[in-house]
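Presented below is the structure to which this report refers.
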Amino acid sequence: MRPLRTPKVTLAAALAAGALIGAGGGAATYAALSSGNGRTVVRQVTVSDAQPASSDGSLSVQSIYRLANKGVVEITAGQGQGSGFVYDSDGHIITNEHVVAGAGSVSVRFWNGKIFSAQVVGTDASTDLAVLKVDAPVSQLFPLSLGDSSNLAVGDQVIAIGSPFGLEGTVTSGIVSALHREMTSPNHFAIDNSIQTDAAINHGNSGGPLLNAEGKVIGVNSQIESNSGGNEGVGFAIPSNTVKSIASQLISSGKAEHAFLGVVLSDSSSQTGAAIGQVRSGTPAAKAALRAGDVVTAAAGTKINSASELRAVINAHRPGDTISVTYTRGGKSHTVTVKLTARPA
């Protein structure tokens, strides 16, 4: 495990295409949470629809903590440390990929101090998620339920539970500060629809749950934006809907598949759509004769208003799927058929 570090991090003006190839940026501020090197790349994205309303049934911070604390664990991976939570009664644990990356051994410490060795079931650097498994008795396991992150609204109450600086069972509270942020994953792809929160997140919170007012996990704490290396009230979590999709794949096969187009994207400044900034050689996009400067306006029968919407369409497919891509070039519209491949490691 790489040593804990606290580099300065800055917002980037642009972010590479998530479901596609990412460009530059570094493996993000997870270094400020648990371990690793690099810089956070986070940006606001265009959202064409209104935010959904908040749900009812709010609990107090104390009630949420009592409900969820037994399901939160501290993870030690080599020389690094982070957090996680119990996913099911089979002993699966969810955490960040960067918490366990490169670790020769991993152990999990539960709320009552009991420690179990853990096996890494699978990791996905593209979403910075990992699944571990412990051989612990059912009486030791208190699985946390996943909520629906698409139902979140700005201003919703949230709390984080984890082990900042090794202080296990620490709870902090705040609100959803913003939605639809983009983070850069450890392998430089975008993690879309990330949740921004002002709940305090620090070293060791990586991989721990961000819970809603019903005590359900709506995100996995992963990165912070900080000039000092400590909490400054700008934290980011991987949305629970992404967690659900990736965790099921990792548990089933030990790996997660992501469809790949092979371009670097940004929102178009001249029209509605996703502007192609670069096409990687040998990729599906290159084989379909897409070029830098093209603006994608539709894909797989879905209208595209922004780069994040195109990534969402790509992410909804699997390697080997064939989709149509409509784009404009020189004021004219063209449509090509593209066969998606698997995202490279």
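A distance of 14.5 Å separates CG of L290 from CZ of R280, quoted to the nearest 0.5 Å. Atom CG in L129 sits 10.0 Å away from atom OG1 in T123 (nearest 0.5 Å). The CG atom of L59 sits 9.5 Å away from the CD1 atom of I159 when rounded to the nearest 0.5 Å.
The closest donor-acceptor contact from the side chain of E97 to the backbone of S185 lies at 3.5 Å or more, if one exists at all. Listed for the S248 side chain is a donor-acceptor partner under 3.5 Å among the backbone atoms of S245. Here the side chain of E257 pairs no donor or acceptor atom with the backbone of R318 at under 3.5 angstrom. Side chain of T76 to main chain of S107: no donor-acceptor pair is present (N/O by atom type, distance under 3.5 Å, no hydrogens or angles). In this structure, the side chain of Y65 engages the main chain of G169 through a donor-acceptor pair within 3.5 Å. In this structure a side-chain-to-backbone donor-acceptor pair under 3.5 Å is missing from K133 to I251. Formation of a donor-acceptor pair under 3.5 Å by the N202 side chain with backbone atoms of G230 is not found in this model. Between the side chain of S83 and the main chain of S163, a donor-acceptor pair closer than 3.5 Å is present. Between the side chain of N305 and the backbone N or O of T272, no donor-acceptor pair lies under 3.5 Å. Side-chain atoms of H188 never come within 3.5 Å of backbone atoms of T184 as a donor-acceptor pair (strictly under, hydrogens ignored).
Other residues, nucleotides and ligands contribute more than 12 heavy atoms inside 6.0 Å of the CG atom of N112. For K216, the NZ atom is loosely surrounded, since the number of other residues' heavy atoms within 6.0 Å does not exceed 12. Atom CZ of R291 is surrounded by 12 or fewer heavy atoms from other residues, nucleotides or ligands within 6.0 Å.
Inter-residue side-chain proximity for F189 and H258 is flagged as unmet; no heavy-atom pair is nearer than 4.5 Å. Taking the side chain as every heavy atom from C-beta outward, P284 and F260 approach each other to under 4.5 Å. Looking at heavy atoms from C-beta onward, V176 lies out of side-chain contact with N212 at the 4.5 angstrom threshold. With contacts defined as side-chain heavy-atom distances shorter than 4.5 Å, the pair V234/S177 does not qualify. Counting only heavy atoms from C-beta outward, the side chains of I94 and V131 approach each other to under 4.5 Å. The side-chain heavy atoms of S145 and E214, taken from C-beta on, include no pair separated by under 4.5 Å. With contacts defined as side-chain heavy-atom distances shorter than 4.5 Å, the pair D192/E182 qualifies. V243 is listed as a side-chain neighbour of I238, based on a closest heavy-atom distance under 4.5 Å.
Legend: residues meeting side chain to side chain donor-acceptor pair (under 3.5 Å) with S126, ordered by chain and number and at least two apart, are N187, R343. The side chain to side chain donor-acceptor pair (under 3.5 Å) search around Q62 returns none, not counting sequence neighbours.
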>> Please evaluate residues V134 and F110 with respect to the criterion side chain to side chain contact (heavy atoms under 4.5 Å, CB included), reporting the C-alpha separation (whole Å), side-chain torsions for both, the decisive distance (0.1 Å), and the verdict.
In response: CA-CA 11 Å; V134 294; F110 286 84; 4.0 Å; yes
>> Evaluate L179 against N193 for side chain to side chain contact (heavy atoms under 4.5 Å, CB included), listing each step before the verdict.
In response: CA-CA 6 Å; L179 294 167; N193 295 315; over 6 Å; no
> Should E225 and E232 be marked as a side chain to side chain contact (heavy atoms under 4.5 Å, CB included) after you check the CA-CA gap, both sets of side-chain angles, and the distance that decides it?
Replying inline: CA-CA 7 Å; E225 174 69 19; E232 295 186 16; over 6 Å; no
>> Show, in sequence, the C-alpha distance, side-chain angles and deciding distance for N221 and N96, and conclude whether the side chain to side chain contact (heavy atoms under 4.5 Å, CB included) test is met.
In response: CA-CA 8 Å; N221 299 315; N96 281 145; over 6 Å; no
> Are Q271 and T328 close enough, and set up right, to give a side-chain hydrogen bond (donor to acceptor under 3.5 Å, both in side chains), and what steps lead you there?
Replying inline: CA-CA 10 Å; Q271 66 180 89; T328 59; 3.2 Å; yes
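Of the residues listed (D128, T95, T127), the one engaging S222 in a side chain to side chain contact (heavy atoms under 4.5 Å, CB included) is D128, and it is the only one. Checking each of L141, L132, V121, L250 against H92 for a side chain to side chain contact (heavy atoms under 4.5 Å, CB included) leaves exactly one that passes, namely V121. With I314 as the partner, the side chain to side chain contact (heavy atoms under 4.5 Å, CB included) test is satisfied by one option alone out of D321, I323, L265: I323.
Among all heavy-atom pairs drawn from Q249 and A256, the shortest one is OE1-CA, 3.5 Å. Taking every heavy atom of both residues into account, A292 and G277 meet most closely at CB-O, 3.5 Å. Taking all atoms of both residues into account, the shortest heavy-atom contact from S89 to V138 is O-CG2, 4.3 Å. Between F142 and V86, the closest heavy-atom pair is O-CB, 3.8 Å. What you find for A130 and V100 is that their closest heavy atoms are CB-CG2, 3.9 Å. Among all heavy-atom pairs drawn from S240 and L146, the shortest one is O-CD1, 4.1 Å.
I175 and L152 are assigned to two separate hydrophobic clusters, defined by single-linkage of ILVMFWY side chains at heavy-atom distances under 4.5 Å. When the side chains of ILVMFWY residues are joined at heavy-atom separations under 4.5 Å, either directly or via intervening members, I93 and V120 end up in a single hydrophobic cluster. Residues I201 and L167 do not share a hydrophobic cluster, clusters being chains of Ile/Leu/Val/Met/Phe/Trp/Tyr side chains in contact below 4.5 Å. Linking Ile, Leu, Val, Met, Phe, Trp and Tyr whenever their side-chain heavy atoms come within less than 4.5 Å puts V154 and I195 in one cluster. With hydrophobic clusters built from ILVMFWY side chains whose heavy atoms lie under 4.5 angstrom apart, V295 does not share a cluster with V263.
Under 3.5 Å, the side chains of S308 and H180 contain no donor-acceptor pair of N or O atoms.
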